[in-house]
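Because the structure is a prediction, the values reported are computed rather than measured. Just the heavy atoms: all of them, side chains too, but no hydrogens, waters or symmetry mates, feed the values below.
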Amino acid sequence: MFLLVDCNNFFASCERVFNPALQNKPIVVLSNNDGCVIARSNEAKKIVKMGDPYFKIKDILQENEVIIFSSNYSLYGDMSRRVMLTLATFVKDLEVYSIDEAFLDLEGFDKHYDLTDYARKIIRITTKNTGIPVSGGIAATKTLAKVANKYAKRYKGYKGICLLDTDTKIQKALKLFEIGDVWGIGYKYDKKLQRYGIKTAWDFINKPESWIRTQMGVVGVRTWKELQGIRCFNLELPHSKKSICTSRSFPIEITDFEILYEAIANFAASCGRKLREQKTCAGTVTVFIHSNFFRDDLSPFYQTRSLQLPVASNASSELIIAAKTILKGIYQKGYAFKKAGVIVSELIKEDEVQGNLFYRIDREREQRLYKVLDMLNRKIAPDALKLAVQGNGKKWALSRKYLSRRYTTSWDDLIEIK
DNA sequence: TCTGGGGTCCTAGGACCC
DNA sequence: TCTGGGGTCCTAGGACCC
């Protein structure tokens with residue numbers, strides 16, 4: 001059996017841990033640039049929708065005295081790490097599936113424990129250790145564990161844990177489960193299935209496999225099987241990423257090449273840092289820039305281009321040079337850019353990089369340099385030490401008006417007790 | 001008039017997840 | 001005025017090989 005543990009309203013809960021006055025109050029967390037709603041406390045769920053643009057719902061938030069936060073990923077990332085560390089003490093194998101979710105392998109546990117009791121113990125101790133409320137779903141497949149988890153959250157009676165272990169229970173659960181809420185069924189397939197009269201997960205599994213295959217390909221068939229208890233997804237072990245992206249929307253529209261370049265240089269440097277963190281090098285650098293797609297007075301403008309590096313690299317300086325070459329090729333005067341990003345791909349392990357007879361660079365020296373740079377930035381502050389081309393970021397800085405403190409990762413932000 | 005059969009690799013786009 | 005960011009996998013079609 002799998003146990004899926006999911007943090008309740010994760011970002012909102014993180015904000016509450018260090019500010020208990022927020023208990024039982026409606027909270028929303030906004031995306032970068034304070035753009036739109038990306039997390040809500042239960043109280044706020046009744047008031048605004050996920051993804052609502054902030055500027056459109058400002059008044060509603062105010063009327064309802066909703067407390068607003070800009071996203072604080074230093075805090076959420078660290079709280080996530082704490083949750084995962086606690087969960088890891090209970091099982092041999094777990095897969096950290098996202099910032100707020102993990103699949104735990106309960107194989108064999110049923111011989112010694114009552115699964116529901118054991119899972120309740122897990123979530124009780126996790127909440128005690130971290131301050132984050134969590135809930136869990138247990139079932140034979142990941143997709144069913146996801147279903148179970150939704151029930152655990154939906155009904156208080158489950159006391160945080162829902163177990164789907166018998167055909168009767170599963171059938172009952174699927175009959176009441178909307179098809180669009182199934183893991184693997186997104187917006188498009190939801191609409192499509194609804195058109196064919198498929199409203200619940202139960203309707204879905206009663207379609208023939210061939211029909212699912214034609215309409216939704218092998219991906220759909222996997223979901224169809226998983227809902228019937230046939231395992232298609234196993235616990236995945238940690239692996240390094242296959243591509244890494246750093247991108248931002250700008251609070252203003254940028255027309256100037258130099259400002260855009262400064263932003264791109266920072267994105268490339270950030271990709272470099274992430275590459276070094278997972279000990280990989282990138283073979284290809286891609287840059288994209290685009291206009292404000294929300295403006296209907298202008299036709300959308302989008303440019304992207306890739307460049308193969310002569311030797312795969314994770315040195316920020318080399319990535320920046322490549323990114324600048326690309327940017328020069330795709331930048332066009334007279335256009336206003338609202339969003340840009342750098343993607344690095346064709347990632348290979350740091351120590352398996354293929355050399356190049358015609359392009360020599362002192363890799364050892366470079367590696368020592370970035371080792372020091374990363375170490376200092378970890379110790380002092382992100383980007384305490386950076387390349388001069390990265391500038392000061394003032395011209396394109398994100399707006400984060402409602403940022404809380406980095407309670408757990410910055411000495412300056414520690415709570416003082418009076 | 002009629003035009004084989006079997007394969008690989010790459011890319012763009014589309015679907016999904018959080 | 002103001003609309004997030006970061007990923008994965010699959011598929012179809014085109015180009016190529018013999």
Side-chain angles (χ1 to χ4, degrees), chain A residues 4-7 9-11 28-39 48-59 61 68-73 76-77 80 95-103 142-143 146 149 179-193 212-223 226 232-233 236 239-253 267 270-271 274-275 277-278 284 286 288 290-297 300 302 304-306 308 336 338-347 398-402:
Chain A
L4 170 70
V5 177
D6 188 313
C7 301
N9 319 317
F10 183 54
F11 295 171
V28 296
V29 179
L30 303 176
S31 64
N32 272 340
N33 270 325
D34 297 337
C36 53
V37 174
I38 55 166
V48 290
K49 287 207 298 288
M50 199 72 166
D52 277 346
Y54 173 53
F55 73 94
K56 282 190 183 169
I57 55 163
K58 232 174 190 167
D59 295 342
L61 294 177
I68 301 160
F69 287 98
S70 303
S71 31
N72 182 347
Y73 290 104
Y76 311 151
S80 167
E95 173 191 341
V96 177
Y97 175 67
S98 74
I99 196 163
D100 73 332
E101 279 171 80
F103 288 102
K142 284 181 165 181
T143 310
K146 281 280 213 177
N149 185 255
I179 186 63
D181 288 338
V182 172
W183 190 47
I185 307 294
Y187 180 81
K188 294 269 175 150
Y189 283 140
D190 182 23
K191 292 284 161 291
K192 180 172 182 162
L193 293 169
I212 304 286
R213 171 73 231 226
T214 329
Q215 299 297 324
M216 304 171 69
V218 297
V219 183
V221 173
R222 278 182 207 143
T223 300
E226 281 250 319
C232 298
F233 305 118
E236 278 181 40
H239 55 266
S240 53
K241 283 173 189 137
K242 296 173 178 170
S243 72
I244 290 173
C245 170
T246 302
S247 72
R248 292 289 178 275
S249 296
F250 306 121
I252 49 156
E253 295 181 357
F267 302 158
S270 152
C271 287
K274 294 176 191 171
L275 283 168
E277 250 165 45
Q278 61 164 30
T284 299
T286 305
F288 68 85
H290 69 71
S291 62
N292 187 351
F293 289 164
F294 289 101
R295 274 179 68 165
D296 35 23
D297 57 330
Y302 181 85
T304 178
R305 196 174 290 175
S306 303
Q308 196 89 27
K338 179 66 177 167
K339 182 170 178 173
V342 173
I343 303 165
V344 288
S345 49
E346 285 176 32
L347 309 190
L398 303 179
S399 65
R400 301 156 96 190
K401 263 167 71 183
Y402 311 100

Round to the nearest Å and state the distance from A/Phe267 atom CZ to C/dG5 atom C1'.
11 Å

Assign each of A/Lys56 and A/Ser240 to its nearest nucleotide of DNA chain C by heavy atoms, then name whichever residue's nucleotide is nearer the 5' end.
A/Lys56

Counting only side-chain N and O atoms of A/Ser399, is one of them less than 4.0 Å from OP1 or OP2 of C/dC2?
no

NA contact type, A/Phe294, heavy-atom cut-off 4.0 Å: base, sugar-phosphate, or nothing?
base

Students often get this wrong, so: under 4.0 angstrom with heavy atoms, is A/Val96 touching a base, only sugar-phosphate, or nothing?
nothing

Could you check whether A/Lys146 gets within reach of a base, just the sugar-phosphate, or nothing at all, counting any heavy atom under 4.0 Å?
sugar-phosphate

Just compare C/dG7, C/dT3, C/dC10 and give me whichever is closest to any side-chain atom of A/Phe55.
C/dT3

Of the listed nucleotides C/dT3, B/dC17, C/dG5, the one nearest the side chain of A/Trp183
B/dC17

Under 4.0 Å, counting only non-hydrogen atoms across every strand here, what does A/Ser243 touch: a base, just sugar-phosphate, or nothing?
sugar-phosphate

Describe, in one word, how the ring planes of A/Tyr54 and A/Tyr402 are oriented to each other, choosing from parallel (under 30°), tilted (30 to 60°) and perpendicular (over 60°).
perpendicular

For atom CD1 of A/Ile57 and atom P of C/dT1, their distance in whole Å:
18 Å

Of B/dC18, C/dC10, C/dG5, the nucleotide closest to the side chain of A/Arg248 is C/dG5

Can you tell me, in whole Å, how much space there is between the P of C/dC18 and that of B/dT3?
24 Å

Counting any heavy atom closer than 4.0 Å, what does A/Ile252 reach on the DNA or RNA strands: base, sugar-phosphate only, or nothing?
nothing

In terms of relative ring orientation, are A/Phe11 and A/Tyr73 parallel, tilted or perpendicular, with 30° and 60° separating the classes?
perpendicular

Within the side chain of A/Ser70, is there an N or O that forms a donor-acceptor pair under 3.5 Å with the backbone of A/Lys401?
yes

Name the closest nucleotide to the A/Val219 side chain, picking from C/dC2, B/dC18, C/dC10.
C/dC10

Does A/Phe293 reach a base, just sugar-phosphate, or nothing at all? Heavy atoms under 4.0 Å.
nothing

Looking at the side chain of A/Tyr97, which of C/dG6, C/dG4, B/dC17 is the nearest nucleotide?
B/dC17

Which nucleotide wins on minimum distance to the side chain of A/Lys242, given the candidates B/dC18, C/dC9, C/dG5?
C/dC9

Calculate the interatomic distance between A/Phe288 atom CZ and C/dG7 atom P; express it in whole Å.
11 Å

Which nucleotide sits closest to the side chain of A/Val218: B/dC16, C/dC10, C/dG5?
C/dC10

Let's see if you can work this out: which of C/dT11, C/dG4, B/dA15 has an atom nearest to the side-chain heavy atoms of A/Lys188?
B/dA15

Would you indicate whether the side-chain heavy atoms of A/Ile185 and A/Met216 approach each other to under 4.5 Å?
yes

Name the nucleic acid region contacted by A/Lys58, choosing base, sugar-phosphate or nothing; use a 4.0 angstrom heavy-atom cut-off, strictly under.
nothing

Separation of C/dT8 P from A/Phe233 CZ (nearest whole Å):
16 Å

Donor-acceptor pair, distance only, cut-off 3.5 Å: does the side chain of A/Ser31 make one with the backbone of A/Cys36?
yes

Check the phosphate of C/dC10 against A/Arg222, side-chain N and O only, distance under 4.0 Å to OP1 or OP2. Yes or no?
yes

Pick base, sugar-phosphate or nothing for A/Asn32, based on heavy-atom distances below 4.0 Å to the nucleic acid.
sugar-phosphate

Polar side-chain atom of A/Lys338 near backbone of A/Phe250 as donor-acceptor pair, under 3.5 Å:
yes

Check A/Lys146 with A/Glu226, please: is the shortest side-chain N to carboxylate O separation under 4.0 Å?
no

Using the rule given for side-chain contact (heavy atoms from CB on, under 4.5 Å), can you reason through A/Tyr97 versus A/Leu4, listing the C-alpha separation, both sets of side-chain angles and the distance that settles it, and then say yes or no?
CA-CA 9 Å; A/Tyr97 175 67; A/Leu4 170 70; 5.6 Å; no

Measure the distance from CD on A/Glu101 to C1' on B/dC18 and round it to the nearest whole Å.
7 Å

Touch check for A/Asp52, heavy atoms < 4.0 angstrom, all strands: base, sugar-phosphate only, or nothing?
nothing

What is the distance from CE of A/Met50 to C1' of B/dC17, rounded to the nearest Å?
12 Å

Would one find a side-chain N or O of A/Lys192 under 4.0 angstrom from OP1 or OP2 of B/dA15?
no

Rounded to the Å, how far apart are A/Asp59 CG and C/dC2 P?
17 Å

If you check every side-chain atom of A/Cys245, which of B/dC16, C/dG7, C/dT11 has the closest atom?
C/dG7

When all nucleic acid strands are considered with a 4.0 Å heavy-atom cut-off, which category describes A/Thr246: base, sugar-phosphate, or nothing?
sugar-phosphate

I need the CG-C1' distance between A/Leu193 and B/dC16, as an integer number of Å.
13 Å

Look at all strands and tell whether A/Arg400 reaches a base, only sugar-phosphate, or nothing, counting heavy atoms closer than 4.0 Å.
nothing

Can you tell me which nucleotide in C/dG4, B/dA15, C/dG7 comes closest to the side chain of A/Tyr73?
C/dG4

Sugar-phosphate only, base, or nothing, as touched by A/Leu30 at under 4.0 Å among non-hydrogen atoms:
nothing

Using a heavy-atom cut-off of 4.0 Å across all strands, would you classify A/Lys338 as base, sugar-phosphate, or nothing?
sugar-phosphate

